[in-house]
Amino acid sequence: MGYEQELRKAGRAFMKAQGVDQILHVLTNAVATVIQDTDMVLIYTYDKKSHVLRLKSSIGNHSPQLYQVAFSPGESITGSVYNEQTPVLFLKPTEVERAMSNISDVNRKYYLEGVAYQTVYSSMSIPIVLHGECFATLTVNRCQSLSSFTLQDLYLVSELLEYALIALEKEEEFEHHKRKLHTYTVKQEAKNYFYQVLHEGGNLEKIVRRLSRLLQDRSVLYNETAMEGYVSFPIKSYHSHRGWLLMKQQPTVEELYYIEEAAKAIGILMTYEDKHLTTKLAKNEDRFKHFLETNDYAEDFWEMTSVTLVTCVVWKKQERNLYSQHQTIQSSVSTFSKQWKLISYDQCWVLFLEKEQTVPDALGKLIKGDSDSLGISRVAPIMLYKQLFQEAMNAWKLAGKGEIKCYPLLGLNRLLTQIEGTHKRSFVCDHLGTLHDYPILMETLEMFIYHNRNRKETADALFIHPNTLYQRFKKIEDLTYKSIDVEEDWLDLVVALKLCKLRE
């Protein structure tokens, strides 16, 4: 009956215990109370970092030296019980000594000093297993030769251990909920922090600056691409990749919550600015198209006087990251021009740039990196914007992939681009006939023009025999009713082919 009272008392103590250390302390005291003539109760817990078992909680006749012991799994009674996860009961000193025979010299020294060189006459050790994993062992020693521990003693210790396991499971659940609550709190703090930055009208630079201050890392920066030597975190907006947050230091778990919220805030900011910019560009595009039809000049639109000398530049827009493109272009242009007007026109960017006959290297590299080609007009007063725009468009249409074409340098193509579509088609039909239905012959004629009517170079370039080239020329002359050796016929063929290649 006394045992039952002690067990109930221990159960109440476990219910009040808070934290793993306190639960283990209650367990050692309860075992010492329930099991009579107990000299030592020792609980060793497994350290996952150092992979050893160390004394965590104890009661009885021993010294602090015992806390220096570090058993490896399988070493001594403690390590063996940890590995096997099976209780053991030793009734004689010889059995205890045999079970401890594999103890290391260092651990033996600390152990003997810890127990004051006492002989353990009887011992029992039980694994403490939680969720199928042994995280500690409980050892009970008797250093007097009065009597040995019995199976009844082992049973009582097991009963106390059941109470302890229930308390440990509840503590684990409590800690889990506490961690979840803490995580939720930190995430909400991070979310609210950057929401406030947006609410205050913060821009990208301000968000990055605030994040850098929070992380105490001055290396934090935003970039469109990841950089070597930096830890990179993606920024997304509507499933579209918008750049990277970069930093030198590897963040902690809690710092990562702030980085994620900063990335979200930047994504929201970019989405808003995209929509705002799209609306603004659409309005400007409508006005620009209206001006092209009416040839009116509105100084509030151009933000420069009508006699300001400008050149027009045209290139293709990227499909994504409109805001990023716009910001990059504006930033680049501002380094070499005081006045400019950037317009979105269908699938192109149209830039009117003050007093620039040629595009500076910085802008040229920027545009060539983002599109296939680029066209540049002459320099003229901004009031002639319609003409300048058409010149730049014509130059752009003639530019090959990665090329920059300047309208003043177009030569014959400069005149050909001004021919209307109907006249182009009729001229091509009249002078090429059905030749455009034969791609090989079209390629042969084009290569012959490119090599300045050099037959050997043309045959080598096409990897064909000179006789084969001769047969192709005969076929071209038959289909076009032209002779490649007659200068006027040859000029007609060249012009017709160039017109055929021009983009409508």
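Side chains are part of it too, since the values below use all heavy atoms of this structure and drop only hydrogens, waters and symmetry mates. In this text the structure is predicted, and so the values were computed from the model without any measurement.
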Specify whether W349 and W315 have parallel, tilted or perpendicular ring planes, treating 30° as the upper limit for parallel and 60° as the lower limit for perpendicular.
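Tilted.
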Aromatic ring pairing F14/Y163, orientation class (parallel under 30°, perpendicular over 60°, tilted between):
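The arrangement is parallel - the two ring planes meet at less than 30°.
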Cation-pi check, K56 to Y44: give yes when NZ or CZ is under 6.0 Å from the six-membered ring centre and within 45° of the ring axis, no otherwise.
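No, K56 and Y44 do not form such a contact.
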Are the side chains of [X] and [Y] in touch, meaning some heavy atoms are under 4.5 Å apart?
{"X": "P87", "Y": "S125", "result": "no"}
{"X": "Y222", "Y": "I235", "result": "yes"}
{"X": "T185", "Y": "E189", "result": "yes"}
{"X": "E172", "Y": "H131", "result": "yes"}
{"X": "D39", "Y": "N141", "result": "no"}

Tell me whether E95 is salt-bridged to R98, with the criterion being a basic N under 4.0 Å from an acidic carboxylate O.
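Salt bridge flag = no for R98 with E95.
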Does the ring centre of Y345 sit less than 6.0 Å away from the ring centre of F389?
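Under 6.0 Å, so yes.
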Closest contact, heavy atoms only, [X] versus [Y]:
{"X": "C134", "Y": "Y82", "value": "O-CE1, 3.1 Å"}
{"X": "A226", "Y": "L246", "value": "CA-CD2, 4.2 Å"}
{"X": "Q65", "Y": "E113", "value": "NE2-OE1, 2.7 Å"}
{"X": "I207", "Y": "A262", "value": "CG2-O, 4.0 Å"}
{"X": "P73", "Y": "N83", "value": "CB-OD1, 3.3 Å"}
{"X": "E171", "Y": "G19", "value": "OE1-N, 3.2 Å"}

Look at atom CG of D300 and say whether more than 12 heavy atoms of other residues, nucleotides or ligands are closer to it than 6.0 Å.
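Yes.
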Heavy-atom donor-acceptor pair, D346 side chain to C348 backbone, under 3.5 Å
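Such a contact is absent between D346 side chain and C348 backbone.
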Please check this pair: side chain of S334 against backbone of S331, looking for a donor-acceptor N/O pair closer than 3.5 Å.
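Flag set: sc S334 to bb S331 pair under 3.5 Å.
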side-chain hydrogen bond (donor to acceptor under 3.5 Å, both in side chains) between D21 and H25: does it pass, once the steps are laid out?
CA-CA 6 Å; D21 290 353; H25 179 69; over 6 Å; no
Sequence-distant partners of Y67, side-chain contact (heavy atoms from CB on, under 4.5 Å), two or more places apart:
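Expected list: L55, S58, H62.
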Just to verify, what does E200 make a salt bridge (charged side-chain N to carboxylate O under 4.0 Å, His left out) with, not counting sequence neighbours?
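Checked E200 against salt bridge (charged side-chain N to carboxylate O under 4.0 Å, His left out); matches are K206, R210.
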State the NZ-OG distance between K109 and S104, to the nearest 0.5 angstrom.
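Interatomic distance, K109 NZ to S104 OG, rounded to 0.5 Å: 11.5 Å.
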K405 vs S373, side-chain hydrogen bond (donor to acceptor under 3.5 Å, both in side chains): CA-CA, chis, key distance, verdict
CA-CA 8 Å; K405 288 287 187 181; S373 56; over 6 Å; no
Might you work through the side-chain hydrogen bond (donor to acceptor under 3.5 Å, both in side chains) test for R142 and S147, ending with a clear yes or no?
CA-CA 9 Å; R142 182 173 285 167; S147 62; 3.2 Å; yes
Given salt bridge (charged side-chain N to carboxylate O under 4.0 Å, His left out), test E260 with K264 step by step and report yes or no.
CA-CA 6 Å; E260 289 173 351; K264 287 180 183 178; 5.8 Å; no
